[in-house]
Protein chains: 2
Amino acid sequence: MPETPAPTADRAPRADARRNRERLLAVARVVVAEQGTDASLRDIARRAEVGLGTLYRHFPTREALLESLLRDRFDTLAARAETLASDAPPYEALTTWLREFVEGARAYRGLAASMMATVNDETSPLSASCHTMRAAVGRLLERAQAAGRVRADIDRTDLFALANALSWITDQAPSLEERRDHLFALVLDGLAPR
Amino acid sequence: MPETPAPTADRAPRADARRNRERLLAVARVVVAEQGTDASLRDIARRAEVGLGTLYRHFPTREALLESLLRDRFDTLAARAETLASDAPPYEALTTWLREFVEGARAYRGLAASMMATVNDETSPLSASCHTMRAAVGRLLERAQAAGRVRADIDRTDLFALANALSWITDQAPSLEERRDHLFALVLDGLAPR
DNA sequence: ACCTGAACACCGTTCAAGT
DNA sequence: ACCTGAACACCGTTCAAGT
């Protein structure tokens, strides 16, 4: 019985496909860091020395590419929320997580906008990928609310929107970066119970 | 002495030029309402039944076009700030103005981003046009601060950024529109003195 | 003085042809 | 099974040629 390739669904990908995928992701990481989340897909394929169709084969949509780029980050942030939930007091756990979230969002310009888009389009791969992260921070929020440190009239989506809005500010006007922590603190004050 | 055209600087524009400019503005208002501030300039020229070069002649840049579209709004908002300064108590004047600002920003998707861009690029026509408006709201802020109703550690640029960030949220995720007033109130709470 | 549209250099997306 | 790049339909911007 010769090793028939057998096109089973979960077959190991061909070597060249695997290599191309990795090249694309590595290049995409650089180009998105340079140009933001609306970077030129053509440019990414070019710099990865790969046909444009190859990029589309591996990542049928821009969101799919971003998802692969950001999955690590989402997983890390979700895990971080769990750690904080058991290691820190409710309010401090929440604010620490939010601070790290906003800090990390600075990595890619346009990221905040891409994240907010997932609120509307639940079907996007990006939406699915950050869902567990949002659920995790939701639990942090509820804990802080139960402890009476955060007003009860906001939900995780409100919090997500506020965090992204803060990220967006420095996205658009880098000169306001030095004020970001300050505005962040101001919004936190707004979260206090009435 | 025949009526020599005399190319004086401030000559009345030719009739066709005047007409084209008005057509472009009228169409731009519609198209930007449909597509947002990054609307297709080609589409605007096409629907105005005007050559593409004509659009560029009248509005050398996208920002110049937006500026003409928004000048009224800026002037109105600046005047409104003056009215409120004399008619309403300091804090109420400020919050009323901010509410109207955010409410009005909903007119064009992408407007918040265009506004924030003026913080970095002081040379843009949009920046010049909204400068007096920003100065006016700056005075409202200072009054509210002097009355002890708003924390002293924020300036007009911070406030401008926060207002645009709130506008941006519903820009990106229209489904959050019903939460906007709520998030607005939350940020206002954050403005209270410590 | 002003208008026009072709020309140029870019996009995103698809898909027939290759290996 | 996967890769490739031409093809298509769009952009923004410029500018020679017209009236």
Side-chain angles (χ1 to χ4, degrees), chain A residues 2-25 27-28 31-32 34-68 110 113-114 117 124-126, chain B residues 2-25 27-28 31-32 34-68 110 113-114 117 124-126:
Chain A
E3 48 278 58
T4 36
T8 42
D10 48 318
R11 194 77 171 78
R14 233 167 60 179
D16 55 347
R18 197 185 176 307
R19 185 167 37 85
N20 281 335
R21 192 172 195 284
E22 273 169 13
R23 288 176 68 103
L24 281 166
L25 275 176
V27 169
V31 177
V32 171
E34 282 175 13
Q35 308 180 10
T37 55
D38 56 348
S40 162
L41 299 180
R42 255 189 152 81
D43 202 22
I44 291 171
R46 215 152 32 207
R47 284 160 72 163
E49 291 176 306
V50 145
L52 188 47
T54 303
L55 186 150
Y56 275 92
R57 160 167 270 261
H58 286 285
F59 308 103
T61 186
R62 163 174 258 114
E63 299 243 300
L65 178 59
L66 288 176
E67 193 271 336
S68 293
S114 298
S124 89
L126 211 49
Chain B
E3 49 279 59
T4 35
T8 41
D10 48 319
R11 196 76 170 75
R14 234 167 58 179
D16 55 348
R18 197 185 176 307
R19 185 167 38 85
N20 282 335
R21 192 174 195 284
E22 274 169 11
R23 289 176 68 103
L24 281 166
L25 275 176
V27 169
V31 177
V32 171
E34 283 174 15
Q35 308 180 9
T37 55
D38 56 349
S40 162
L41 298 180
R42 255 188 153 83
D43 202 23
I44 291 171
R46 215 152 33 207
R47 285 160 71 163
E49 292 175 307
V50 145
L52 189 48
T54 303
L55 185 151
Y56 275 92
R57 160 167 270 262
H58 286 285
F59 309 103
T61 187
R62 164 173 257 112
E63 299 243 299
L65 177 59
L66 288 176
E67 193 273 335
S68 293
S114 298
S124 89
L126 211 48

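If you're wondering where the values come from, they're calculated on a predicted model, not measured in any experiment. Every chain is numbered from 1 and lettered A, B, ... according to where its sequence line falls, protein lines coming before strand lines.
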- Find the runs of at least 3 consecutive base pairs, i with j, i+1 with j-1 and so on, that include DNA chain C, using Watson-Crick or G-U wobble geometry with both distances under 3.5 Å. C:4-8 with D:12-16, C:12-16 with D:4-8
- Item | Rounded interatomic separation in angstrom, taking CG from L55(A) and C1' from dC11(C) | 14 Å
- OP1, OP2 of dC2(D) versus side-chain N and O of N20(A): anything below 4.0 Å? no
- Message: If you only use heavy atoms from C-beta on, which nucleotide in dC3(C), dC3(D), dC11(C) is closest to the side chain of S40(A)?
- Response: dC11(C)
- Please state how far atom CZ in R23(B) lies from atom C1' in dC2(C), giving the value in whole angstrom units. 16 Å
- Task: Please determine which of L65(A), I44(A), N20(A) meets the side chain to side chain contact (heavy atoms under 4.5 Å, CB included) test together with L25(A).
- Result: L65(A)
Where do N or O atoms of nucleotides 13-19 of chain D meet protein N or O atoms at under 3.5 Å, pair by pair?
| residue | atom | partner | partner atom | Å |
| --- | --- | --- | --- | --- |
| dT13(D) | OP2 | Y56(B) | OH | 2.9 |

- Return no unless some side-chain N or O of R46(B) is found under 4.0 Å from OP1 or OP2 of dC11(D). yes
- Query: What integer distance in Å separates R21(A):CZ from dC3(D):C1'?
  - Reply: 16 Å
- Query: If you take all heavy atoms of L24(B) and A45(B), which pair is closest and at what distance?
  - Reply: CD2-CA, 4.3 Å
- In whole Å, what is the span from the CD atom of Q35(B) to the P atom of dC10(D)? 12 Å
- Compare all side-chain heavy atoms of R21(B) with those of S68(B) and state whether any distance is below 4.5 angstrom. yes
- When all nucleic acid strands are considered with a 4.0 Å heavy-atom cut-off, which category describes A45(A): base, sugar-phosphate, or nothing? nothing
- Message: Please tell me if H58(A) has a side-chain N or O lying less than 4.0 Å from either OP1 or OP2 of dC3(D).
- Response: yes
- Task: Mind listing the closest non-hydrogen atom pair of P125(B) and E67(B) along with its distance?
- Result: O-CG, 3.4 Å
- Task: Tell me what A15(A) touches on the nucleic acid: a base, only sugar-phosphate, or nothing, going by heavy atoms under 4.0 Å.
- Result: nothing
- Query: Is there side-chain contact between Q35(A) and D43(A), with at least one heavy-atom pair below 4.5 Å?
  - Reply: yes
- Which part of the nucleic acid, if any, lies within contact of R18(A), taking any heavy atom under 4.0 Å across all strands shown: a base, the sugar-phosphate backbone alone, or nothing? nothing
- Item | Side-chain ion pair, R19(A) and D16(A), N-O less than 4.0 Å | no
- Message: On a heavy-atom basis, which atom in R62(A) and which in T37(A) lie closest, and how many Å separate them?
- Response: NE-O, 3.0 Å
- Item | For A48(A) against R23(A), the heavy-atom pair lying closest together | O-NE, 3.0 Å
- In whole angstroms, the gap separating C1' of dG12(C) from CG of D43(A) amounts to 13 Å
- Query: Separation of R57(A) atom CZ from dT4(D) atom P, in whole Å?
  - Reply: 11 Å
